[in-house]
**Student:** 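Have a look at this one.
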Amino acid sequence: MTDITSRRDPHAPGVPGVPAISLRGATKRFATKDGSAFTAIRDVTLDVAPGEFVAVVGPTGCGKSTTLSLVSGLEPASVGTVEVAGQPVEGIPDGVGYMFQADAVLPWKNVLDNVALGLRYRGLRRADAEARARDWINRVGLGGFEDRYPHQLSGGMRKRVAMAQTLITEPTVLLLDEPFGALDVQTRELMQDELLTLWSGSGAACVFVTHDLTEAISLADRVVVMTAGPATVKDVVTVDLPRPRRVEEIRLTPEFIQLYKRIWDSLREEVEITRARGASRVA
Amino acid sequence: MTDITSRRDPHAPGVPGVPAISLRGATKRFATKDGSAFTAIRDVTLDVAPGEFVAVVGPTGCGKSTTLSLVSGLEPASVGTVEVAGQPVEGIPDGVGYMFQADAVLPWKNVLDNVALGLRYRGLRRADAEARARDWINRVGLGGFEDRYPHQLSGGMRKRVAMAQTLITEPTVLLLDEPFGALDVQTRELMQDELLTLWSGSGAACVFVTHDLTEAISLADRVVVMTAGPATVKDVVTVDLPRPRRVEEIRLTPEFIQLYKRIWDSLREEVEITRARGASRVA
Amino acid sequence: RGAAADDDASATPNVSIMVGGIDKVIYLPAMLTERLGYFDDAGVDVDLKTEPSGASAENVMLAGKVDGVVGFYDHTIALQAQDKCVESVVQLAKVPGEAEVVATSSDSVGSAADFGGKKLGVTSPGSSTDYLTQYLATKNGVDTSDYSTVTAGAGSTFIAALQNGGIDAGMTTDPTIATAVDKGLGKVLIDMRTEEGTKAALGGLYPAASLYMTCDYVEQNPKTVQKLADAFVRTMQWISTHDAAEIAAEMPADYAGGDPELYVQSIKDSSPMFTTDGRMPEGGPETVLDVLGTFSDTVKAKKDDIDLSKTYTTEFVDNAG
Amino acid sequence: MSLDTQTRPTAEPQQVPAPSPTFRLFRSRASRRRSTVALVRVLLIVVWLASWELAARTVIDPFYYSMPSQIWDRLVDWFTEGTSMGSIWSNMAVTLEEAVLGFVIGTFAGVVLGIVLGRARFLSDVLAPFIKGANAIPRIVLASLFVIWFGLGMSSKVATAFVLVFFAVFFNSFQGAREVDKVLVDNARILGASRWAMMRTVILPSATSWILASMHVAFGFALIGAIVGEFTGADQGLGLLINHAQGNFDAAGIYAGMLIVTVLALGAEWLITRLEQRLTSWRPPSGSELARDL
Amino acid sequence: MSLDTQTRPTAEPQQVPAPSPTFRLFRSRASRRRSTVALVRVLLIVVWLASWELAARTVIDPFYYSMPSQIWDRLVDWFTEGTSMGSIWSNMAVTLEEAVLGFVIGTFAGVVLGIVLGRARFLSDVLAPFIKGANAIPRIVLASLFVIWFGLGMSSKVATAFVLVFFAVFFNSFQGAREVDKVLVDNARILGASRWAMMRTVILPSATSWILASMHVAFGFALIGAIVGEFTGADQGLGLLINHAQGNFDAAGIYAGMLIVTVLALGAEWLITRLEQRLTSWRPPSGSELARDL
Ligand SMILES: Nc1ncnc2c1ncn2[C@@H]1O[C@H](COP(=O)(O)OP(=O)(O)OP(=O)(O)O)[C@@H](O)[C@H]1O
Ligand SMILES: Nc1ncnc2c1ncn2[C@@H]1O[C@H](COP(=O)(O)OP(=O)(O)OP(=O)(O)O)[C@@H](O)[C@H]1O
Ligand SMILES: [Mg+2]
Ligand SMILES: [Mg+2]
């Protein structure tokens, strides 16, 4: 793994003391067909400092993606406040990068154009944008596939295109929704490396949704465990392992195992609640 | 984990001695834009017996999904033969169930109707189909969400709907393309249980694509490692661990660790080749 | 339109004339004048346009898009009822050139008195075929509500309607009349293509095809109008001195459609309707006013205010020659 | 960097039964929006009519353009006194019947043929040029051919309405059937869908928004078809009324006729929109959020 | 249960440069398919013409229905001798020019307005009833209004063609702009797309198949519009030629005119299909595989 520099970068953007992301009692309800409201997340309060890496874990369907959509400004909160860099979120805040859980690359643009998209939107000249896009395509291991269209790629390759598309804009608030789920173990580690390299240099705040606890612990400064839906923050575990970390080494250390166990127990409770609720509702 | 019965079920369908799936030198080429051919898989030879559980691992983009699409009859092989239950594949063979890597549930049907779909296609009466669908919805932990539409579900919930949709038809050849990637660890184990329960009773042949080696080893009779694209079968590792298996116990046994290491090394080579190739092609 | 500036005896003014169906036999003098070269001889450059479907030709003229219209005289009266001054400068026909054709299959219609309960075809609602039919019926004691008016168009649709019983009888012009008779589908019941027939049917002449222009145009471009009148009057005289075959020979070949003989026949049947001098026939305007004043909603209301002398002028045809 | 770890209440009900205040706020915002829309519409109409009336009384010639007050008088006249072709209601009924018949038959044929050809490559390759060519045949010419073929009765107008509706619906259904997501079709095939079940459960629902989009245009076309047919040959109907007005330089009559046609079209439109809402109720509530920001 | 573990060759080239025999087989199969299609088409035409000719010579009356041999004679006549309205080529040129202009302007306006309204909820809510109502106004009535407004020149026919094209394209662009996948729009917003960039890179490409589908119908409509305009008042054009034939019981002339219009439409269709292929080259090669089985 790449050497990772100090996680508190002195050049980090954002006013010191002002959290990059701040959720205060954020609740999101969706209208359902019969007119009643379905609460997806409830009273979520969470601050993420500039330059901090937070991993979010929680039972499936609890509300992790919904939380990210509030931070990104794509959905307004029903109750509570959401702030990015100290400003209430209205529309898309500046500097937010969001890699969606679903496939979101443009089917009518090839890999090169898809990756260059954010730069083109920011008004870069085509040649410059493409040069940087090529660099990113190589970093995610897709060199040679520049002129393929998304439907000609495998699921994992599309994910990596989306990754490059998001990272190329060098966001200061980076939201990643299960980015590496469709990758093989090794590629996943390579991508994790890439991500850490970018992040550590930039001082960006990063929120990383994953189901892989090992991944969560090895990447994050803090791991947030969410409750069964409607989700709220159940537990926050600070990962005090020194950086740079070498996953293969640390995963056998007692600290790692203890952290893993703590998160695992916390999460299991929630999953069981989710499960029991599903079963009882039908009974 | 549930108790798992003998993996050679006496009531297994299929003629004894005739493999449920048989690929012989199967090659698949796609036409690319400039008229030349891109080889996705090359010369794949593999037999799967009735009642056997085969896990397939390989670098991302190597051709795993393509292999499944040949077996399912959705794509014809360019060269070589593909047989299911001793019959050459033309159109969709009887008894094949295929859970796609991409989202494939019908957006205009709610969860209940989506799960009941296969039974309705088979001509079951609505009431019967729905009763069985409700049962399956509970098994995958979605009780209470029967009348939700797919866009109202989280990514992991949609995957579980797809799972139920596939399993309800009780296929004799079961193809699963990264079914549990989007699930949290616990839900994933519950689903694995469900899958094994169904499979062990049915004598179905199962091909299971995954990136999670632990999952592969704990579920499969054999693990097939594929080479970097164009994929062919590189290595086949027989998992001789006794069933029923308890993942949490066996993962610390020396056999497990040895198997893991063997597969891991084999796979790492391929991933590195893929990676090097990507890098060199641009250089 | 800067036509006034062109109004000079020596210059060659441009005039655009819209014909309400350039290939209809009743409007034949327009194209014939051009074919005979009389417009050129008179020193006027005429641009003939066709507008196949009736009434909006006048709108186009009033909107200043064309200078003159070859159409039915009765429009000048209808327009006056709407406070628009339009006058006929050359009268091409003294009778409508229309005939009531009865389907051969229906022998129950022996005269207009038998119209009751029948389906009677007209070319379009509010056209002169419509008003003449109403007039004929009423005059023969059949109320307009006792028969049904059917729009049957002209040409093949009319013929087909006769054949398949869509109408029992209908009023139309040549070559539809000639075709219906030729195909044995219909016979002429009331013939308003001749002076006698028209007088018998309507009690007077019914001036129809004419060249009319807005009063303003006529006032501002007397010399141009004179040239047009000269050309048209020559044509009218030419028609009266030549037989149908000679006339047909002057017309564009494809006006004969599929059947040249039939075309000659229809010219022969219809040519008695033309005036020989372009003059408004005596008593004609009164008949027209009588018909429209009875049945047209717009004219009915203003019947007593209509000043017929403003609907035509013989000034130019008098000077022609 | 602060963080509040909430202790969670024991049994938070997942469904909130009574709408919370926030929700009521949402709803009232939506209804406020609806009334704004209605207001702006009415305002537009009033401004338009007023300026028309004013212009007609001053600059433009009402002989061509008529004016709202005259049109209103004509409408009142038609509805109280009747028209020269009988009661206005029966004229409307005739035209509407022709249009509705043409619409229903045309839509049905267009959807069926469109979907079938959309999924049957060979058939569509063979038939495409014929259908595309047929679409270019001028409908007024066809209208008179139909009068010849079918006579002056209702059938010739229905046929004219049909040809207008059919092509509009056909091309959209055809494209809609082609655009179906391949993975959905594959999934249904694997699940054992028969040809017919595939059509019913996958192709048709997926093409629904295509078909509905064409239906919005199609009813207007059906009315046009009926009226063109009436122009060519008929004994009753709104087309004749308009034609009659044209023959009499009655601009007010022309515009009044067009107005009635428009109102009929909007009525049908309303019904189609209701149908649309029913058929697409499974969709995410359409992108108002999204449109706001765009 | 057997299994062959292949030893892999050291450096298998990932791209196969020369088409393998299998590939050549594929290709020849595709070309064989193309020629079958052509053959069936020709066969259909021959059968149709022959039965028409036969019927006209025996049962049906060629006075109404004409017959292929007469139509052929009329065409030969037109192309060698010319028509009463000048050379057939100049008539075709006039009509084509009107149609093309109406088509281009109508498509442009339809796409722009459709896309803008499709994404601007409030505007579309306000304007929808007006546009839908306007769509129901009979085009023949409009055509005569256009002559009054724009005169007898080309512009009135272009306007008639325009109104036909516009609505067809508008409704599809509108719906196409609404159907854009929400996640693609969200992604582009996050990536910083301006309103205009969003239109250009997301909405428009996504609505392309909708727009193209409507363009297939629209050129036929443009021709119809031009011809309707010519019916209303003109001095040249195919519409007059057909109208002239109608007035003279020249059934052969009517059908010959329609045939020429059809050929023009197919020519334009061919061009649109080429455009379509270019614009949708990013798509998976359409579901022939799929259609075969369906
Ligand atoms: N538009 C919507 N309408 C109604 N309910 C919704 C909507 N979007 C999400 N939900 C519900 O909100 C809950 C949370 O969804 P979300 O996508 O945030 O889950 P998640 O934690 O990301 O799950 P996963 O790990 O499976 O992706 C789910 O129960 C889902 O059904
Ligand atoms: N329609 C197509 N046209 C061209 N190339 C294709 C097409 N479909 C797949 N490919 C290529 O074939 C290769 C194998 O794809 P496949 O989807 O089988 O990979 P995979 O092993 O399933 O990968 P992943 O683990 O990422 O899902 C990839 O390089 C992909 O780009
Ligand atoms: Mg999610
Ligand atoms: Mg795959």
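Below, chain A is the first sequence line, B the second, and so on; all start at residue 1.
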**Student:** Among side-chain atoms of B:T60 and A:R188, is any donor-acceptor pair under 3.5 angstrom?
**Tutor:** no
**Student:** Tell me the closest heavy-atom pair linking B:S154 and A:G61, and the distance in Å.
**Tutor:** OG-CA, 3.2 Å
**Student:** Flag the one option from B:L153, B:L183, B:D212 with the top tally of heavy-atom pairs under 4.5 Å to chain A.
**Tutor:** B:L183
**Student:** Below 4.5 Å, heavy-atom pairs only: which of A:R160, A:R158, A:K64, A:M157 has the largest tally toward chain B?
**Tutor:** A:R160
**Student:** Taking the side chain as every heavy atom from C-beta outward, state whether A:F38 and B:R148 have any atom pair closer than 4.5 Å.
**Tutor:** yes
**Student:** Under 4.5 Å heavy-atom distance to chain A, tell me which part of B:V140 shows up: side chain, backbone, both or neither.
**Tutor:** backbone
